[in-house]
There are 2 protein chains.
Amino acid sequence: MAEEPSEESAPGSTERVLTRRERARAATVGEIKQAALSLMREHGTTDFRFSDIARIMGMTAPALYRYFADRDELLTALIVDAYDDLGAAVADRRDQVPRDDPGGRFHLVAQAYRGWARSEPTRFALILGMPVPGYSAPEEGPTTEAARRAMAQLKSLFYDAAEQGLLDEPTFDLDAGPVSQFVDGREDPMKLGDEADLPAVTFQAMVHCWASLHGFVSLEAYGHLDWMPEDVRDALFIASMRHIADSAGLPAPKTTIS
Amino acid sequence: MAEEPSEESAPGSTERVLTRRERARAATVGEIKQAALSLMREHGTTDFRFSDIARIMGMTAPALYRYFADRDELLTALIVDAYDDLGAAVADRRDQVPRDDPGGRFHLVAQAYRGWARSEPTRFALILGMPVPGYSAPEEGPTTEAARRAMAQLKSLFYDAAEQGLLDEPTFDLDAGPVSQFVDGREDPMKLGDEADLPAVTFQAMVHCWASLHGFVSLEAYGHLDWMPEDVRDALFIASMRHIADSAGLPAPKTTIS
DNA sequence: CGTGTTGGTTACGTTGAATAACACTTATGA
DNA sequence: TCATAAGTGTTATTCAACGTAACCAACACG
């Protein structure tokens with residue numbers, strides 16, 4: 001198995017070149033994941049059978065255990081990939097607008113988040129809707145870590161904006177108690193790097209934005225908003241996002257939204 | 001537990017008295033569901049084994065098929081129960097405050113929704129987190145219907161408030177396009193009975209409230225907010241709910257919040 | 001009482017995850 | 001060059017769990 005314990009390419013070190021075998025292995029791992037995804041998409045569930053994956057790949061099922069110890073390990077890999085992919089989609093779209101337009105950035109972030117969920121419903125279900133039977137979410141495992149990274153992409157624009165002094169005063173009531181204490185006296189576990197600290201009230205507003213965005217997208221992804229036509233949902237989403245962006249003190253978008 | 005399988009007591013008709021056998025059967029059905037729930041709680045997943053349920057009940061697995069055609073049917077029943085239970089919890093708490101205090105009612109509704117999710121995390125996962133693998137969520141089935149009922153409990157206070165003229169102007173930007181047209185020209189599929197129609201802008205705000213509440217509670221239920229201590233989460237939740245209630249034009253709560 | 005319905009049993013078939021034992025291929029090193 | 005080890009695949013097998021079949025006991029009911 002993984003006989004490369006400490007490949008930890010230290011920052012600055014050259015990325016070790018992969019041997020022929022390592023490349024083949026990586027390719028197979030990728031193919032397995034792709035097969036699992038296509039099965040999931042096909043059946044519209046987050047379930048898959050090892051035997052089906054093998055059949056698609058022209059292999060037999062036991063061979064897959066050379067690459068993943070068990071079903072859960074493959075599932076975990078898929079979840080991590082999904083989070084990373086979502087995070088990347090959000091970051092890409094966000095960076096299409098300059099840093100000095102945090103309002104515009106927020107809008108694109110929200111759009112990307114929603115768009116990804118709609119275009120990849122089964123993968124979204126994989127990370128949003130936990131319970132894959134038998135899959136006991138590894139507490140504090142790699143999936144939690146991946147989720148943190150993805151969500152950090154949402155948050156970085158707030159830190160960015162605060163750093164540039166582009167945030168107005170949020171319309172939130174500042175909670176002078178626990179929240180202030182928490183925000184003021186901590187090592188922020190969500191920070192990506194060395195961003196500026198946020199005022200407590202902005203922190204409140206940021207979490208609120210995240211939760212609202214996530215809530216709308218979740219409801220929509222599970223079909224709980226199917227009773228309204230798509231154009232109504234679209235308009236409602238835009239209005240909601242604009243509203244929470246305002247509340248959080250984000251300036252109005254400079255860039256026209258596509 | 002609402003164990004009234006198909007007794008459809010039409011309004012006015014006499015509630016048919018259950019025979020001895022029917023009562024015994026209903027009791028067994030209830031016991032099966034309880035056993036399934038306790039297994040789910042024990043393992044922290046939405047999964048369960050028929051054989052384990054049977055063992056708990058001192059029966060053999062095949063006997064369960066006398067009560068549920070298959071695993072999916074039991075799962076569906078559990079989901080419907082969970083929605084109904086959540087809806088009831090929300091309604092109960094809401095009605096502890098008089099109708100002329102919609103601000104207070106909203107607060108209690110939010111509190112009840114969150115409280116239920118925290119006290120019944122596995123059942124919440126069952127209805128929030130997609131269909132269990134192999135479980136093909138019956139489109140437009142009983143679960144969808146149950147979800148509608150539960151969510152309607154959240155919404156009724158808005159209709160109630162509007163009927164009494166207790167709603168201020170929301171701070172939302174009114175979308176003059178699709179949303180207005182949709183709200184103005186429809187038979188509202190979400191109404192419980194003969195509530196007043198909502199202004200389009202209030203409708204927008206209402207969905208926003210729902211989504212925000214749901215988003216916060218979802219994130220929390222899946223542990224995505226575990227990085228902040230509980231008192232911070234509490235304060236943040238209160239502040240968020242107050243904020244969206246304000247945005248929606250709900251008056252400040254008259255009743256002191258417990 | 002027979003008789004049908006209901007609720008239970010044991011025995012069985014099937015599927016699919018996971019392991020074991022074995023075979024072929026490829027890299028590597030004396 | 002060839003022997004050996006690592007890596008990747010196979011077939012055969014075990015095991016767990018869903019679901020079905022066939023049979024049996026109890027009970028309601030004419």
Side-chain angles (χ1 to χ4, degrees), chain A residues 1-5 7 16-36 39-40 42-43 45-78 131-136, chain B residues 3 5-7 16-36 39-40 42-43 45-78 131-136:
Chain A
M1 294 299 174
E3 307 307 359
E4 299 299 293
E7 265 326 307
R16 236 205 68 222
V17 63
L18 297 175
T19 74
R20 174 178 193 73
R21 271 203 171 142
E22 284 166 333
R23 267 183 288 123
R25 183 176 185 83
T28 307
V29 166
E31 195 183 341
I32 292 173
K33 292 198 272 194
Q34 281 310 115
L39 280 172
M40 284 171 38
E42 188 178 335
H43 294 108
T45 67
T46 54
D47 202 11
F48 53 79
R49 284 187 278 272
F50 259 42
S51 40
D52 287 345
I53 296 176
R55 184 180 39 72
I56 287 181
M57 297 178 64
M59 298 199 323
T60 57
L64 300 179
Y65 290 86
R66 296 285 182 194
Y67 300 91
F68 295 94
D70 55 13
R71 225 171 132 278
D72 279 10
E73 197 172 295
L74 172 52
L75 214 31
T76 301
L78 291 174
V132 175
Y135 178 75
S136 51
Chain B
E3 311 303 359
S6 53
E7 269 322 315
R16 240 205 64 221
V17 62
L18 297 176
T19 76
R20 174 175 195 75
R21 269 203 170 141
E22 284 166 331
R23 267 183 289 125
R25 184 176 184 82
T28 306
V29 166
E31 196 183 340
I32 292 173
K33 293 198 267 194
Q34 282 311 115
L39 280 172
M40 283 170 40
E42 188 177 335
H43 294 109
T45 66
T46 54
D47 201 13
F48 52 78
R49 285 184 273 274
F50 260 41
S51 41
D52 288 345
I53 296 176
R55 185 179 39 72
I56 287 181
M57 296 177 65
M59 297 199 324
T60 57
L64 299 178
Y65 290 85
R66 296 285 182 194
Y67 300 90
F68 295 95
D70 55 13
R71 226 170 130 279
D72 279 11
E73 197 172 295
L74 173 52
L75 215 30
T76 300
L78 291 174
V132 178
Y135 177 77
S136 51

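Chain letters run A, B, ... following the sequence lines, proteins first and then strands; every chain starts at 1. Quick caveat: nothing in here was measured; it's all calculated off a predicted structure.
Heavy atoms only, all atoms of each residue included: E31(B) and M57(B) are closest at CD-CE, 3.6 Å. Heavy atoms only, all atoms of each residue included: L64(A) and A54(A) are closest at CD1-N, 4.1 Å. The heavy-atom pair separating R71(A) from F48(A) by the smallest distance is NE-O, 3.6 Å. Considering all non-hydrogen atoms of both residues, A61(A) and S51(A) come closest at CB-CA, 4.0 Å.
Regarding contacts with the backbone of dG9(D), every side-chain N or O of T60(A) stays at 4.0 angstrom or more from both OP1 and OP2. OP1 or OP2 of dG7(D) has not a single side-chain nitrogen or oxygen of Y67(A) nearer than 4.0 Å. Checking the phosphate oxygens (OP1, OP2) of dA27(C), a side-chain nitrogen or oxygen of R20(A) falls inside 4.0 Å. Residue R66(B) has no polar side-chain atom (N or O) positioned under 4.0 Å from OP1 or OP2 of dG8(C).
As rounded to whole Å, 10 Å separates atom P of dA17(D) from atom CG of D47(B). We find that CD1 of I53(B) is positioned 14 Å from C1' of dG19(D), with the value rounded to whole Å. M57(A) places its CE atom 12 Å from the C1' atom of dT8(D), with the value rounded to the nearest Å. One interatomic measurement links the two molecules: CZ of F68(A) to P of dG9(D), which rounds to 13 Å at whole-angstrom precision. For the pair E22(B) CD and dA28(D) C1', the interatomic distance rounds to 12 Å; values are reported in whole Å. With rounding to whole Å, E31(B) atom CD is found 14 Å from dG7(C) atom P.
Checking dA6(D), dG9(D), dG7(C) against the side-chain heavy atoms of M59(A) singles out dG9(D) as nearest.
Considering only residues two or more places apart in sequence or on other chains, R23(B) meets the side chain to side chain contact (heavy atoms under 4.5 Å, CB included) condition with L18(B), R20(B). For Q34(A), the side chain to side chain contact (heavy atoms under 4.5 Å, CB included) criterion is met by L37(A), R41(A), not counting sequence neighbours.
The base of dT6(C) has none of its N or O atoms less than 3.5 Å from a complementary donor or acceptor on the side chain of R25(B).
Residues R21(A) and G58(B) both approach DNA chain C. Their nearest nucleotides, taken by heavy-atom distance, put G58(B) toward the 5′ side.
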Restricting to nitrogen or oxygen on both sides, can you table the protein-nucleotides 13-20 of chain C pairs closer than 3.5 Å?
| from | atom 1 | to | atom 2 | distance (Å) |
| --- | --- | --- | --- | --- |
| dG16(C) | OP1 | R49(A) | NE | 3.0 |
| dG16(C) | OP1 | R49(A) | NH1 | 3.3 |
| dA17(C) | OP1 | F50(A) | N | 2.9 |
| dA17(C) | OP2 | F50(A) | N | 3.4 |
| dA18(C) | OP2 | Y65(A) | OH | 3.2 |
| dA18(C) | OP2 | R71(A) | N | 3.0 |

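Counting heavy atoms from C-beta on, the side chains of Y67(A) and K33(A) never come closer than 4.5 Å.
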